[in-house]
2 protein chains.
Amino acid sequence: MGWKMAHDDQGCPGCEAPDLAFSRHDHGHCQADALGRAEVLIAARGLRMTPVRQRVLEILLETHRAVGAYVVLDRLAAEGFGNQPPVVYRALDFLEEQGLAHRIRRLNAFTACMHPGEAHAPSFLICRSCDLVAEAPAKAVRGALEAVALMVGFTVEGSNIEAMGQCADCRGRAA
Amino acid sequence: MGWKMAHDDQGCPGCEAPDLAFSRHDHGHCQADALGRAEVLIAARGLRMTPVRQRVLEILLETHRAVGAYVVLDRLAAEGFGNQPPVVYRALDFLEEQGLAHRIRRLNAFTACMHPGEAHAPSFLICRSCDLVAEAPAKAVRGALEAVALMVGFTVEGSNIEAMGQCADCRGRAA
DNA sequence: GGTATAGTTGTAATAGTATAACATGGTCAA
DNA sequence: TTGACCATGTTATACTATTACAACTATACC
Ligand SMILES: [Zn+2]
Ligand SMILES: [Zn+2]
Ligand SMILES: [Zn+2]
Ligand SMILES: [Zn+2]
């Protein structure tokens, strides 16, 4: 298993370094790792990684930025897939349900999950200058949110936690 | 100052009880209090609480649910205000900038701030059954988020923290 | 192989959300 | 009263998302 070996041998940059999106890194590793893990996961769940779904995931994995549904759709259409919104929204919904992609509500856009498979309710750091989106560990944040909810008897079933701001590089460049 | 007296005399339900939206309460107090505080705040900042802005705020204050921009717009239009989207979006943007309303990104809708004036980056608990939205204290949550961001040198300038789930009442009713 | 079944994709039509650009009109201070 | 500034009205358009239905494909069972 190539992807697993690479992952174990040197650690998974995407998983271990939440700031990866903001720094120079071997993005080919991010892509190959996430794609490989996605395929294994989907198969293990008895589901099908169809051409459309795979292609959408690949497109999202090309960048650490969030991508709008219609940008993905244009890409799909140019490659001979359907060119109507449901084609891409269905694939995106599937990927999101399977934890392979996330919806960034602040941007009305989607981003590939950089560490699929691990149960997580992630948080996102969005740089307003370079538009990069980093998926950050949200265990503590999510815990705090659930604690607040618990106080009033509210059951948290899902959450979206997004921070807009500026990454270290962009702040340095501005100063 | 009526609003302030009422607020001080018996405490402000909206400010002190994050679950207020989910329980029976004197909603007239929420409305009067928030509206009064809003007017004082805006005046203190040298800004103008115009008829459109005031009316939009009043409409948002009618309920603890989030209200879509076009619902507000229809109300405005029926009352003789302009009937084009910018009319309502400008008012909503103004109210949000002044901390008098919040955008619930998960719902593409807006809700009045129930404790304007206090510096806050709130979190929201959204009940999927009754659609009520409670503004919960997010100091701890926001702190956790900023801690994560700090680790990677990211500066948080704004955040949206929303939890979808079920309130105590609705959960009880379902069981 | 045939055939029922469920799941996936394609397509048309429509609904819902938001902004750009420009014109008009009110407010307030020199 | 003039000018600067802000707010509102209006037109047009862009962007995001869903409903409904038709066609196709893999699969499982006979
Ligand atoms: Zn990873
Ligand atoms: Zn940046
Ligand atoms: Zn209050
Ligand atoms: Zn409820």
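The structure presented is a predicted model; accordingly, all values stated were derived computationally and were not measured. In what follows, every chain begins at residue 1, and chains take the letters A, B, ... in the order their sequences are listed.
- Between the side chains of A:His102 and A:Glu96, no donor N or O sits under 3.5 Å from an acceptor N or O.
- Atom-to-atom, CZ of A:Arg45 to P of C:dG7 comes out at 17 Å; the value is rounded to the nearest Å.
- With salt bridges taken as basic N to acidic carboxylate O contacts below 4.0 Å, one links A:Glu62 and A:Arg75.
- Among the protein residues, A:Arg53 comes within range of the sugar-phosphate backbone only, with heavy atoms under 4.0 Å from sugar or phosphate atoms but none that close to a base.
- The C1' atoms of five pairs define one axis at each end of the helix from C:dG1-D:dC30 to C:dA30-D:dT1, and these two axes lie 20° apart (to 10°).
- One atom, CG of B:Asp74, and another, C1' of C:dT17, lie 13 Å apart when rounded to the nearest Å.
- Residues B:Leu73 and B:Tyr89 form no side-chain contact, since every pair of their non-hydrogen atoms from C-beta on lies 4.5 Å or further apart.
- By the 6.0 Å and 45° rule, B:Arg103 does not stack over the aromatic ring of B:Phe110.
- Rounding to whole angstrom units, CG of residue B:Leu76 and C1' of D:dT10 are separated by 15 Å.
- Atom pair A:Ile42:CD1 and C:dT8:C1' shows a separation of 14 Å (rounding to whole Å applied).
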Donor-acceptor pairs are to be reported for all side-chain atoms of residues 144-158 of chain A against protein atoms at under 3.5 Å, with residues two or more places apart or in another chain.
{"from": "A:Glu146", "atom 1": "OE2", "to": "A:Arg142", "atom 2": "NE", "distance (Å)": "2.8"}
{"from": "A:Glu146", "atom 1": "OE2", "to": "A:Arg142", "atom 2": "NH2", "distance (Å)": "3.1"}
{"from": "A:Thr155", "atom 1": "OG1", "to": "B:Arg171", "atom 2": "NE", "distance (Å)": "2.6"}
{"from": "A:Thr155", "atom 1": "OG1", "to": "B:Arg171", "atom 2": "NH2", "distance (Å)": "3.2"}
{"from": "A:Glu157", "atom 1": "OE1", "to": "B:Arg128", "atom 2": "NE", "distance (Å)": "2.6"}
{"from": "A:Glu157", "atom 1": "OE2", "to": "B:Arg128", "atom 2": "NE", "distance (Å)": "3.2"}
{"from": "A:Glu157", "atom 1": "OE2", "to": "B:Arg128", "atom 2": "NH2", "distance (Å)": "2.8"}

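- Remark: C1' of D:dT8 and CD of B:Glu79 are 16 Å apart, rounded to the nearest angstrom.
- Between the CG atom of B:Leu92 and the P atom of C:dA18 there is a distance of 9 Å, rounded to whole Å.
- The interatomic distance linking B:Asn83 (CG) with D:dT11 (C1') rounds to 11 Å, in whole Å.
- Using modelled atom types, one finds no donor on one side chain facing an acceptor on the other under 3.5 Å when comparing A:Asn160 with B:Arg105.
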(request) Going 5' to 3' through nucleotides 12-29 of chain D, assign each nucleotide B (protein heavy atom under 4.0 Å from a base atom), S (under 4.0 Å only from sugar-phosphate atoms) or - (no protein heavy atom that close). (result) ----BBBB------S---
